[in-house]
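Heads up: numbering here begins at 1 and tracks the sequence. For ligands, and for the atoms within them, numbers begin at 1 and follow the listed sequence.
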Amino acid sequence: RSGRTAAEVRADFPILARQVHNKPLVYLDSTASSQKPQVVIEAMNTYYQTYNANVHRGVYTISEEATAAQERARVKVARFINARHSKQVIFTRNTTESINLVAYSWGNANIHTGDLIVLTEMEHHSNLVPWQLLAQRTGARLEFVPVTDDGLLRLDIYQQLLEQRPRLVAFTHMSNVLGTINPVQEMIAQAHAVEAIVLVDGAQSVPHLPVDVQALDADFYCFSAHKMLGPTGIGVLYGKRALLEAMPPFMGGGDMIRTVKLHESTWNDLPWKFEAGTPAIAEAIGLGAAVDYLNELGMDWVQVHEQEMTAYALEQLQQVPGLTIYGPREIGQRGGVISFTLGDVHPHDLASILDQETGVAIRAGHHCAQPLMERYDVPATARASFYVYTTKEDIDALVQGLHKALQIFTF
Ligand SMILES: Cc1ncc(COP(=O)(O)O)c(CN[C@@H](CS)C(=O)O)c1O
């Protein structure tokens with residue numbers, strides 16, 4: 001919708017004017033954390049400079065302004081994912097905490113010995129370990145949907161697992177390693193047909209794709225501000241109202257209560273029942289500014305831009321000798337995350353050379369997805385990822401860097 005070019009967008013991100021090792025910074029690790037536009041930085045500074053106060057409690061102007069700003073941010077987030085009501089938007093610290101909140105609050109109350117939880121082989125540790133801990137606490141069992149050689153879920157096996165009537169199904173909307181975009185709407189409908197509850201890990205989808213939680217009919221949907229142009233320290237748990245109303249609090253403390261006696265307390269309404277203590281106020285305001293920025297660009301623009309960058313990158317990378325790409329080749333089946341290996345060059349060495357020789361920043365490692373590394377029999381991969389500020393010149397710099405690394409490592 002915006003019609004702006006990535007080159008124009010780049011000017012909004014102060015850090016992208018940086019040099020590293022006397023070369024322009026080429027930031028290709030937005031999957032780990034995105035960069036921040038000036039308007040997000042300014043929104044947070046303005047809060048600290050002109051209306052810094054605690055929320056919900058003060059009966060003075062700047063506290064009322066801070067409270068209003070935080071709740072405006074919540075409404076913006078609710079509209080951004082098309083939640084029916086902003087009460088369904090719980091502010092957490094990050095995707096990891098959002099998933100843990102569901103595993104402890106909904107899980108402890110609803111998962112029992114012998115119950116089945118279905119996950120997939122491509123999950124991030126944050127959407128795997130909380131369920132392992134829940135299974136250990138309750139005696140539930142985990143089953144996993146495998147991934148094909150080119151990074152797609154085995155939906156036939158997903159169907160078979162659903163026949164065992166799991167209580168809970170949890171999967172990522174987009175893989176942070178393979179870039180695979182899963183058919184979540186269809187997977188949710190199939191899980192609901194056997195009365196399973198579905199949690200979607202949206203850490204890599206909300207920043208990059210239009211997400212409509214009502215159309216998807218997700219029961220829980222989780223994501224982080226720092227991956228979508230916002231600050232670290234704040235994330236979101238979206239949940240269906242009836243589920244959130246029925247769930248016991250996750251953490252106890254100030255704000256999440258209605259009345260407190262020495263021996264027992266009653267709880268506040270949604271969303272505050274799940275927001276104990278002083279919230280991340282500046283971060284909520286920053287997230288609100290990030291949502292405004294993305295709405296200005298339009299998520300359709302974001303998705304199309306990233307598809308263009310991904311198509312160009314796949315085309316260029318495939319010409320690098322000895323380079324192996326992991327994940328779907330079809331642009332419609334993947335987002336702007338490309339994991340790859342370059343011959344037998346260790347990804348860590350490759351990332352260091354790229355940083356030192358060309359100013360290119362990519363991720364190297366297991367990307368908090370060790371089971372997926374095992375599935376592809378690699379100790380680690382290199383990973384390049386794209387966002388609203390990525391240009392073809394960035395990708396050219398990466399490819400030139402890879403050729404330079406080949407020279408260094410093959411003589
Ligand atoms: C699919 C997916 N699910 C959960 C998380 C966790 O997000 P937090 O904001 O850290 O809680 C991430 C964050 N993945 C980063 C850090 S490992 C990456 O470099 O891939 C993710 O990609």
Hey, mind stepping through Arg10 and Glu8 against salt bridge (Lys or Arg N to Asp or Glu O under 4.0 Å) and telling me if it holds?
CA-CA 5 Å; Arg10 284 174 73 85; Glu8 289 162 350; over 6 Å; no
Derivation of the side chain to side chain donor-acceptor pair (under 3.5 Å) call for Glu64 and Thr67:
CA-CA 5 Å; Glu64 286 158 357; Thr67 303; over 6 Å; no
Sub-4.0 Å heavy-atom environment of ligand 1, residues by chain:
Thr31, Ala32, Asn94, Thr95, Thr96, His124, Ser126, Thr172, Asn176, Asp201, Ala203, Gln204, Ser224, His226, Lys227, Arg363, Cys368, Arg383
Side-chain donor-acceptor contact under 3.5 Å, Thr381 with His367:
yes
Would you say the ring centroid of Phe274 lies under 6.0 angstrom from that of Phe250?
no
Determine whether the aromatic ring centres of Tyr387 and His305 lie less than 6.0 Å apart.
no
Side-chain touch Glu275/Arg74, heavy atoms, less than 4.5 angstrom:
yes
